[in-house]
Colleague: 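Shown below is the structure under consideration.
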2 protein chains.
Amino acid sequence: MPAPPTIKEIARRLNISASTVSRALHDHPSIGLRTKMRVQQLAAELNYEPNQTAIFFQQRKTFTIGVILPELSEAFFSAAISGIEDMAGRHQYSVLMGQSHDEEEREKQIVNTMKKHRVDGLIISIAKNTKDYTHFVSLQQAGIPVVFFDRIPNLADIHYVACDMVAGTVQAVKYLLGKGHRVIGMINGPDKLLASRQREEGYIKAMQKHRLKYDPTLVVSSDLTREGTDKAMSKLLSLKRHPTAIVAFNDYVAMDAVQYAVKKKYKINEDLTFVSYANLPISHYTAFPPVASVEQFPYVQGQRATEALLEILADPTSPWKKVTLESKLVIHTP
Amino acid sequence: MPAPPTIKEIARRLNISASTVSRALHDHPSIGLRTKMRVQQLAAELNYEPNQTAIFFQQRKTFTIGVILPELSEAFFSAAISGIEDMAGRHQYSVLMGQSHDEEEREKQIVNTMKKHRVDGLIISIAKNTKDYTHFVSLQQAGIPVVFFDRIPNLADIHYVACDMVAGTVQAVKYLLGKGHRVIGMINGPDKLLASRQREEGYIKAMQKHRLKYDPTLVVSSDLTREGTDKAMSKLLSLKRHPTAIVAFNDYVAMDAVQYAVKKKYKINEDLTFVSYANLPISHYTAFPPVASVEQFPYVQGQRATEALLEILADPTSPWKKVTLESKLVIHTP
DNA sequence: GTAAAATACGCAATCGTTTGACCTCCAAAA
DNA sequence: TTTTGGAGGTCAAACGATTGCGTATTTTAC
């Protein structure tokens with residue numbers, strides 16, 4: 001492990017000053033052609049590579065963006081990361097990763113690490129348990145821009161990229177109505193989630209557009225565990241006007257619900273039709289895949305978030321970015 | 001964005017030297033208690049945070065490990081990353097991410113970026129298309145240790161962590177033999193993959209242990225596309241001694257194979273039983289999940305790779321780490 | 001032939017922190 | 001009274017690259 005060659009070393013060997021070497025390597029106009037050549041050749045010979053850590057330090061810029069997500073192994077987030085990394089790489093930025101495991105403490109710790117690393121900016125999807133936002137405020141004070149992503153805090157002045165579930169839900173319900181279903185159930189997620197509220201809003205909107213009255217008993221909520229979903233299903237199926245179609249909060253819920261229905265001897269796609277929200281790339285391999293699902297484009301969201309951040313970095317005076325992608329119903333041709 | 005406070009600033013305000021401040025903050029014994037207190041208090045007040053970029057530069061160490069994987073959004077790799085990030089975080093290391101998309105060019109480019117970033121070490125799963133290993137050699141020359149992971153190059157002196165498929169395959173075949181199957185097919189992957197060769201080896205081994213003769217026509221290979229798998233299935237099912245059980249290269253192949261068999265009116269789990277290798281956390285939601293699958297523990301592999309790398313960083317003279325995890329058959333209770 | 005302008009380069013400071021090598025008291029030992 | 005010596009600091013260099021400014025040498029213009 002011989003010490004890597006530095007500009008100084010090149011300067012010494014060529015009997016010129018370090019500044020000349022630096023400028024020569026940058027093709028600065030004030031350096032003569034001869035010298036440029038000599039420098040560049042020697043640099044190539046020595047396999048010279050600029051020490052980025054020195055440059056980062058000197059330029060006060062790291063060309064690194066931090067990404068903090070709840071769980072790297074979840075399909076939704078890993079697709080998002082992929083989008084982030086691709087877009088960042090395309091602009092010569094690197095990506096520093098952290099996962100909060102949905103814990104506030106860990107999230108704060110990662111924010112701190114990222115701050116110390118002097119990342120140029122951050123993309124964050126906040127942890128479920130995070131109630132206190134002071135760590136985000138501290139980032140703002142430090143002048144580090146943050147683009148929130150998917151799970152966004154309830155604050156006014158922030159940049160964010162998210163996916164609006166309303167449109168997709170409207171399409172989903174309309175689709176079912178078009179197929180003749182008149183009693184449509186919904187298994188929603190926890191009420192406090194924005195995502196849940198949007199789903200319900202979409203549901204109501206679609207009903208209203210079709211001049212059907214909104215029956216609140218048809219919208220039940222699950223805590224997203226298998227048991228929660230089973231309970232939700234039992235509630236729905238025991239209604240006197242019981243649904244012939246169900247919109248499930250996500251693919252996991254849908255799969256659990258399907259299994260429950262099967263156990264109860266319902267014929268899927270005859271007695272009971274399912275529509276879901278896409279989390280899993282392969283839900284169509286399942287026994288009874290939903291007939292359609294609302295796609296959230298995590299990869300694209302990741303890209304957009306990165307784009308937004310890069311724009312902010314390029315122009316720090318840029319106004320608050322509030323990017324909303326529309327979810328979209330994808331019909332699964334069998 | 002007021003310039004963040006520095007050691008110099010603290011020194012100036014307290015009318016002491018920067019070195020004293022530095023030592024005070026590090027609890028150096030040669031600084032008096034009074035001064036230490038004053039420094040630490042002011043530091044807290046000003047919200048002082050050491051500039052890591054300066055420290056990285058000065059210490060020639062970044063406490064960052066680079067991770068290069070083919071595809072961040074694949075379940076196997078995203079689970080691995082999760083393990084890597086967890087283990088790294090536990091040791092105050094950060095993780096710089098890159099995905100090669102299985103392209104040699106991109107891989108080289110990322111290696112270069114990582115080198116410039118002066119990551120302390122790397123964890124790499126090489127791209128499918130990579131034939132030329134010079135970029136890895138250059139890392140070695142630069143004194144940056146690399147732990148290869150899962151997809152390891154065919155080189156002698158390297159560190160690696162991988163999962164041996166032999167043991168799991170032996171178990172899988174034995175399991176099927178135990179269930180009374182005597183004609184067991186295998187849909188393998190491309191021959192050049194180590195993973196394929198290990199599967200075949202396991203298959204043969206299990207047969208030999210049961211004193212059954214190895215019939216090579218029962219082992220066919222797929223290029224892992226749907227069409228490839230269909231062809232493989234057709235080959236297997238048209239044999240005169242046709243198999244009652246099939247070991248599939250992975251869950252995707254298994255799912256395709258199952259769909260093919262269903263189309264051909266085979267009764268899954270009666271006429272034909274499947275065992276697979278786990279890529280997908282949720283394959284048991286599918287219509288006909290494999291009765292068992294060989295688990296590769298990507299999360300654990302990620303952890304192990306990180307552990308290995310950290311040990312190497314702590315002791316650069318450490319010998320070549322060659323960690324092999326054993327795959328293991330997991331039986332799916334229906 | 002001389003002034004002005006262009007060309008090609010060197011000097012030195014700077015970024016923030018760390019660290020080995022001094023320095024300066026003051027008290028206790030000789 | 002002169003040493004020692006420890007406690008508590010200070011100084012300055014170093015890490016590697018960048019950059020504003022100054023300057024020597026050459027070229028051009030008149």
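What you see below is based on every heavy atom in this structure, not just the backbone, and it leaves out hydrogens, waters and symmetry mates.
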Colleague: Just to be sure I understand the rule, does B:T6 reach a base, reach only the sugar-phosphate, or reach nothing, if contact means heavy atoms closer than 4.0 Å?
Modeller: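 Sugar-phosphate: the residue B:T6, judged by heavy atoms under 4.0 Å, touches backbone atoms but no base.
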Colleague: In this structure, how many angstroms lie between the C1' atom of C:dT17 and the CG atom of B:L25, rounded?
Modeller: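 In whole Å, C:dT17 C1' lies 11 Å from B:L25 CG.
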Colleague: Hey, does the side chain of A:S19 come within less than 4.0 Å of C:dC11's phosphate (OP1/OP2), counting only N and O?
Modeller: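 Indeed not, no polar side-chain atom of A:S19 lies that close.
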Colleague: Report which part of the nucleic acid A:T53 touches: base, sugar-phosphate, or nothing (heavy-atom distance under 4.0 Å, all strands).
Modeller: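 If one applies the 4.0 Å heavy-atom cut-off, A:T53 turns out to touch nothing in the nucleic acid.
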Colleague: Identify the heavy atoms of A:K36 and A:P29 that sit nearest to each other, and give their distance.
Modeller: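 In this case the closest contact between A:K36 and A:P29 is NZ-CA, 4.4 Å.
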Colleague: What I want to check is whether the side chains of A:E104 and A:T130 have a donor and an acceptor closer together than 3.5 Å.
Modeller: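 No.
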Colleague: Could you go through the side chain to side chain donor-acceptor pair (under 3.5 Å) check for B:H117 and B:T62 one step at a time?
Modeller: CA-CA 8 Å; B:H117 269 259; B:T62 57; over 6 Å; no
Colleague: Out of B:K116, B:R118, B:K115, which residue meets the side-chain hydrogen bond (donor to acceptor under 3.5 Å, both in side chains) rule with A:E49?
Modeller: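 Going through the options one by one, the only one that passes is B:K115.
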Colleague: Rounded to whole Å, please give me the gap between CZ in A:F57 and P in D:dA14.
Modeller: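 Checked: the CZ to P distance equals 16 Å.
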Colleague: Atom CZ of A:R60 to atom P of C:dT17: distance rounded to whole Å?
Modeller: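 Distance, rounded to whole Å: 11 Å.
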Colleague: In whole Å, what is the span from the NZ atom of A:K116 to the C1' atom of C:dG16?
Modeller: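 Rounding to the nearest Å, NZ of A:K116 and C1' of C:dG16 are 15 Å apart.
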Colleague: What is the separation between atom CD on B:Q58 and atom P on C:dT17, rounded to the nearest whole Å?
Modeller: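 After rounding, the gap between these two atoms is 11 Å.
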Colleague: Please state whether the phosphate of C:dT7, meaning OP1 or OP2, lies under 4.0 angstrom from any side-chain nitrogen or oxygen of A:S30.
Modeller: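 No, because none of the side-chain N or O atoms of A:S30 sits under 4.0 Å from OP1 or OP2 of C:dT7.
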Colleague: How is B:F56 classified with respect to the nucleic acid when contacts are heavy atoms under 4.0 Å: base, sugar-phosphate, or nothing?
Modeller: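 It contacts nothing in the nucleic acid.
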Colleague: Taking atom C1' of C:dG10 as reference, at what distance in whole Å does atom CD1 of A:I16 sit?
Modeller: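 In whole Å, C:dG10 C1' lies 11 Å from A:I16 CD1.
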Colleague: What orientation do B:F136 and B:F148 show, parallel under 30°, tilted 30 to 60°, or perpendicular over 60°?
Modeller: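 It falls in the perpendicular class, over 60°.
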Colleague: More 5' along DNA chain D: A:I7 or A:R23, using each one's nearest nucleotide?
Modeller: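 Closer to the 5' end of DNA chain D: A:I7.
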Colleague: Starting at atom CG of A:D27, determine the distance to atom P of C:dA8, rounded to an integer number of angstrom.
Modeller: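 After rounding, the reported distance stands at 13 Å.
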Colleague: Looking at A:K8, I'd like to know whether one of its side-chain N or O atoms comes within less than 4.0 Å of OP1 or OP2 on D:dC15.
Modeller: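 Answer is yes, contact under 4.0 Å.
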Colleague: Return the value, rounded to whole Å, for the distance between atom CG of A:N51 and atom C1' of D:dA14.
Modeller: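 Value for this atom pair: 13 Å.
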Colleague: From the set D:dA17, C:dC9, C:dT17, return the single nucleotide nearest to any side-chain atom of A:A54.
Modeller: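 The closest nucleotide is D:dA17.
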